[in-house]
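Notes follow the structure.
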Amino acid sequence: LFDTELMGRLTPRPAQVSAQFQALYAQDPKKATDWYYKFSQDTNYIRRDRIAKDIQWKSPTPYGELDITINLSKPEKDPKAIAAAKNLPASAYPRCQLCAENEGYAGRVNHPARQNHRIVPITINSSPWFLQYSPYVYYNEHCICLNAEHTPMKIDRACFSKLLDFVDQFPHYFVGSNADLPIVGGSILAHDHFQGGRYDFAMAKAPVETPFSFPGFADVDAGIVKWPMSVVRIASENPGRLVELADKILTAWRGYTDEGAFIYAETEGEPHNTITPIARMRDGKFELDLVLRNNLTTEEHPLGLYHPHAELHHIKKENIGLIEVMGLAVLPARLKEEMARLKEAILTGAAIALGAALALALWRLSAPFWNPGGALALIPIFFFSFIRPTAGFAAFSVLMCFLIDYKSDTLLFWTALYCVTYAAIGFQSVIDMTRWDQNGLRGFLIFWGVGLGILFFLQFDFGNLARMLWLFAWGAVLY
């Protein structure tokens, strides 16, 4: 993209960015991330204009207010493609979209340009990592912490140590890891990385509803979180104790099978149990949320038994990863247009149904020939038969005429008039109401006037003449 290349020429060199970050970090970690986040926006790596178009709202639930967003800048991914990508040979350069080589990369047909992208080197658990921000920004200061090596995601003891080391260095951020198995993992499993930021998700606000203690870990607070997933929360002032207990829980869960609950640790040698861990600092203590995950599939649910089932895939079928686990539903961009069409269909259908119901109610209150409420029923009948023809509406209209009034003379009259008009429309060379001005108003006035005129002559008197003229004008205005 031209704008990315242009901004790349104006963006400072990586060494300059790193030096500035480290200088600010020496003063205060928050100062460093504040500067770096603004820098990533100012260089247009985080595209404010695109993110501003995202649709966001909150939904109250028994577990707190969940965040929902329709992201308009990131394409929807298929879970099977994500799983297959983990085992594919990496491309030559960069090997994936998280590799450090993306910094300053010019891009290619199937890989985005990153000339204006700058990453900051950090050390996590005595190993080289990098810090950057996500260009999609699902929440405030959405950062990515990525391994300097292109190595697959793995949840283990070292992973817990890295997460806690990160929040020790950046105590104003949370950080979490996607699970290391398909379906319950993130969209990129081939490169070890974490996601964090400065935002309080609903899960972080959720209380511990069942406190308990682990034998040998009296110094660690533990409990089950009130959340729609199985979450064990542990907290301690000593990060080493948390790592030890988290590893113990992970080992137990990896081998856990409960046939009665249809949870299997493995089938045919394929492991199913893993954990999605999230770390944060709270009230001077290190805290870990351990979300128990299982990616078992069945013939009926090939994308995951504990994953949204097929009847919900029209909303989303991508993996339920770290961000969704914490309480932010990231929905695909296609839903914006689909929801608009659904809204239009619902409102249109409701208006037609309300008009028809009101027509029936008003018409039944008085004589069927002269009550003006009858026009409300005849308007949609006429419009959807002749002006905006709808399949099957002819038979429906005859039924509507019957519902207006079941007396044989009324039924025969309006049905006959309708059928004569419907037949006349068939001779397109003679009459074509769909081409008349004002959406068929002239055609409706002829139809309505002829019908009322026939009724007037059948019951001729000056009182009926006044009622006919009033009803004709009233029907025209309603149409």
Side-chain angles (χ1 to χ4, degrees), residues 21 25 28-30 32-34 36-37 40 67 98 119-148 151 153-180 184-189 191-206 225 231-240 242-243 245-247 249-250 274-291 293 321-328 330:
F21 182 88
Y25 183 86
D28 180 10
K30 185 177 176 298
T33 55
D34 285 349
Y36 184 38
Y37 187 61
S40 298
D67 295 291
L98 288 179
I119 59 179
V120 174
I122 57 176
T123 300
I124 300 294
N125 204 30
S126 302
S127 59
W129 284 61
F130 291 98
L131 180 67
Q132 67 172 66
Y133 287 102
S134 168
Y136 305 113
V137 188
Y138 292 149
Y139 49 86
N140 185 49
E141 297 186 37
H142 179 184
C143 69
I144 299 175
C145 184
L146 54 102
N147 198 320
T151 183
M153 299 280 293
K154 187 177 183 181
I155 303 298
D156 56 10
R157 184 187 183 96
C159 174
F160 302 135
S161 296
K162 293 169 186 173
L163 293 175
L164 293 172
D165 189 22
F166 180 89
V167 295
D168 188 29
Q169 296 182 52
F170 301 94
H172 57 296
Y173 275 4
F174 79 89
V175 70
S177 174
N178 271 302
D180 52 357
V184 296
S187 57
I188 300 179
L189 299 176
H191 193 126
D192 191 17
H193 69 286
F194 307 141
Q195 295 185 75
R198 185 161 23 167
Y199 188 77
D200 290 328
F201 286 96
M203 190 175 80
K205 300 175 185 177
V225 179
V231 185
V232 178
R233 178 171 292 165
I234 55 178
S236 173
E237 295 179 355
N238 185 344
L242 286 190
V243 171
L245 179 54
D247 185 50
I249 295 172
L250 174 64
T274 187
I275 281 178
T276 298
I278 302 103
R280 66 182 72 88
M281 295 293 297
R282 195 198 300 265
D283 300 329
K285 289 186 176 182
F286 292 89
E287 187 174 272
L288 269 178
D289 282 349
L290 305 174
V291 187
R293 312 296 302 276
L322 169 68
I323 294 174
E324 288 83 3
V325 163
M326 294 187 293
L328 169 57
V330 182

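Atom set for the values below is all heavy atoms of this structure, side chains included, hydrogens, waters and symmetry mates excluded.
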Exercise for review: Report yes if the side chains of D168 and P239 come closer than 4.5 Å at any heavy-atom pair, otherwise no.
Suggested key: no

**Study point:** Distance in Å, T274 OG1 paired with I155 CD1, rounded so as to fall on 0.5 Å steps
**Key:** 5.5 Å

Review point. Are F160 and N125 close enough, and set up right, to give a side chain to side chain contact (heavy atoms under 4.5 Å, CB included), and what steps lead you there?
Key: CA-CA 10 Å; F160 302 135; N125 204 30; over 6 Å; no

Check your understanding: Looking at residues at least two apart in the chain, or sitting in another chain, which of them share a side-chain hydrogen bond (donor to acceptor under 3.5 Å, both in side chains) with S127?
Key -> W129

Revision key, fill the gap. Residues passing the side chain to side chain contact (heavy atoms under 4.5 Å, CB included) test with P29, sequence neighbours excluded, are Y25, F170, H172

Residues 194-202 side chain polar contacts: donor-acceptor under 3.5 Å, at least two apart:
unit_1	atom_1	unit_2	atom_2	d
Q195	OE1	H142	NE2	2.7
R198	NE	E141	OE2	3.1
R198	NH2	D34	OD1	2.4
R198	NH2	E141	OE1	3.3
R198	NH2	E141	OE2	2.6
Y199	OH	K58	NZ	3.2
Y199	OH	D67	OD1	2.9
Y199	OH	D67	OD2	3.0

Do any side-chain atoms of residues 281-289 form donor-acceptor pairs under 3.5 angstrom with protein atoms, and if so which ones, sequence neighbours left out?
unit_1	atom_1	unit_2	atom_2	d
R282	NE	E287	OE1	3.1
R282	NE	E287	OE2	3.1
R282	NH1	A204	O	3.4
R282	NH2	A204	O	2.8
R282	NH2	E287	OE2	2.8
K285	NZ	D221	OD2	2.7
E287	OE2	R280	NH1	2.6
D289	OD1	R233	NE	2.7
D289	OD2	R233	NH2	3.1
D289	OD2	R280	NH1	3.0
D289	OD2	R280	NH2	3.0

Exercise for review: Examine distances only and state if a side-chain atom of Y173 and a backbone atom of C143 form a donor-acceptor pair shorter than 3.5 Å.
Suggested key: no

Check your understanding: If every non-hydrogen atom of M153 is compared with every non-hydrogen atom of I188, which pair is closest and at what distance?
Key -> CG-O, 3.9 Å

Revision key, fill the gap. Scanning both residues in full, the closest heavy-atom pair of C145 with I122 reads SG-CD1, 3.8 Å

Check your understanding: Can you name the nearest heavy-atom pair linking L189 to A179, along with the distance?
Key -> CD2-O, 3.7 Å

Revision key, fill the gap. Closest non-hydrogen atoms of L322 and N178, given as atom of the first, atom of the second and distance, are N-OD1, 2.6 Å

Exercise for review: Could I get the full list of salt bridge (Lys or Arg N to Asp or Glu O under 4.0 Å) partners for R293, not counting sequence neighbours?
Suggested key: none

**Study point:** Straight-line distance of T151 OG1 to D192 CG, nearest 0.5 Å
**Key:** 6.0 Å

**Study point:** Gap between atom SG of C159 and atom CD1 of I124 - 0.5 Å precision
**Key:** 11.5 Å

Review point. From Q169 CD over to L131 CG, what is the distance, rounded to the nearest 0.5 angstrom?
Key: 10.0 Å

**Study point:** salt bridge (charged side-chain N to carboxylate O under 4.0 Å, His left out) pairs, two or more places apart, involving residues 119-130
**Key:** none

Review point. Between atom CZ of F130 and atom NE2 of H193, what is the distance when rounded to the nearest 0.5 Å?
Key: 15.5 Å

Practice item. Taking all heavy atoms of T276 and all of S177, pick out the closest pair and write down the distance. Key: CG2-O, 3.3 Å

Revision key, fill the gap. Between V231 and M203 the two heavy atoms that sit nearest each other are CG2-SD, 4.1 Å

